[in-house]
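Take a look at the structure set out below.
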Amino acid sequence: MGRAYLSLGSNIDAGRWLGLAVAELRVRFGALDVSPVYRSAAVGFDGPDFLNLAVGLDSDLAPEALNDWLHALEDRHGRIRGGERFASRTLDVDIVLYDDLVLSGEGHLQIPRGELRHAFVLKPMADIAPGLRHPVSGHTMAELWAAFPAESEPLAVDEPCSLVVGARPARDSSSPQSRR
């Protein structure tokens, strides 16, 4: 069994799709650590804001099998494949970290996930796993977030959606985001 950390995002009826996805993750994997949901501007294209969160779970699946399962989850929840890479979507779920592995594979599997350099992935990760170390840099999620220029990628907690997914409250009021 491995410990996986996922990033979930949506900018089409986000509360609905994120709520359904988290519920399905709970059914399949059991107890989850769920971050607050954050609203941020779309990255890579001009579109509606995204809502993003992080989930930590214990998985009986290897990273490749988990990635396949997550793609099927996206598909079950309205994900359309084959279009533009940067586009609006009902659901996007990626493995950010899996134990201390560093690997890449089919299906855009990349661990650690490159998007960890963005606030919409890093802040939710710091909320649910502040002491977790990046397998390459060795820095904790809290250290990475404290060094992040939060004003460059503004985030706002989406309280209604956070309630829908059963999120835990945001951590550390002294974080760079709250110093704005």
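When reading the values below, keep in mind they use all heavy atoms of this one structure, side chains included, and skip hydrogens, waters and symmetry mates. What you see is a predicted model; the values in this text were computed from it and never measured.
Of all heavy-atom pairs spanning Leu155 and Ser40, the tightest one is CD2-CB, 3.6 Å. Heavy-atom minimum distance, Ile111 versus Val96: CG2-O, 4.0 Å. The two residues Val165 and Val22 make their nearest non-hydrogen contact at O-CG1, 3.6 Å. Tyr38 approaches Val157 most closely through the heavy-atom pair CE2-CG2, 3.4 Å.
In this structure a side-chain-to-backbone donor-acceptor pair under 3.5 Å is missing from Ser104 to Leu109. In this structure, Glu24 contributes its side chain and Ala21 its backbone to no donor-acceptor pair below 3.5 Å.
Residues meeting the side chain to side chain contact (heavy atoms under 4.5 Å, CB included) test with Asp99, sequence neighbours left out: Arg3. In this structure Ser152 satisfies the side chain to side chain contact (heavy atoms under 4.5 Å, CB included) test together with Phe148, Pro149, sequence neighbours excluded. Taking the side chain to side chain donor-acceptor pair (under 3.5 Å) definition, one finds that His134 meets it with nothing, sequence neighbours left out. Under the side chain to side chain donor-acceptor pair (under 3.5 Å) criterion, Asp13 pairs with no residue, sequence neighbours left out. Every residue two or more places apart in sequence or in another chain that forms a side chain to side chain contact (heavy atoms under 4.5 Å, CB included) with Ser35 is listed here: Leu53, Ala54, Pro124, Asp127, Ile128. Applying the side chain to side chain donor-acceptor pair (under 3.5 Å) test to Asn67 and every residue at least two apart in sequence or in another chain returns nothing.
Rounded to the nearest 0.5 angstrom, Asn52 CG and Ser10 OG are separated by 9.0 Å. Atom CG of Asn11 is separated from atom CG of Asp49 by 8.5 Å, given to the nearest 0.5 angstrom.
Pairs engaging residues 60-73 under the salt bridge (Lys or Arg N to Asp or Glu O under 4.0 Å) rule: Arg28-Asp60 [sequence neighbours left out]. Residue pairs meeting the side-chain hydrogen bond (donor to acceptor under 3.5 Å, both in side chains) criterion with at least one partner in residues 156-165, sequence neighbours excluded, are Arg39-Asp158. The salt bridge (Lys or Arg N to Asp or Glu O under 4.0 Å) analysis of residues 102-111, with sequence neighbours excluded, yields no pairs.
With contacts defined as side-chain heavy-atom distances shorter than 4.5 Å, the pair Leu91/Ile12 does not qualify. Residues Arg133 and Glu143 are in side-chain contact: their nearest non-hydrogen atoms beyond the backbone lie under 4.5 Å apart.
Applying the under-4.5 Å side-chain rule to Ile, Leu, Val, Met, Phe, Trp and Tyr, the cluster around Trp17 extends to Leu20.
When the side chains of ILVMFWY residues are joined at heavy-atom separations under 4.5 Å, either directly or via intervening members, Leu163 and Leu32 end up in two distinct hydrophobic clusters. Criterion: ILVMFWY side-chain heavy atoms under 4.5 Å apart, direct or through other members. Under it, Leu66 and Val102 are not part of a common hydrophobic cluster.
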| Do Arg89 and Glu74 pass the salt bridge (charged side-chain N to carboxylate O under 4.0 Å, His left out) test, and can you show the C-alpha distance, the side-chain angles, and the key distance before you say yes or no? | CA-CA 10 Å; Arg89 51 195 54 165; Glu74 292 172 334; over 6 Å; no
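Electrostatic pairing of Lys123 and Glu153 does not count as a salt bridge here, judged by no charged N lying under 4.0 Å from a carboxylate O.
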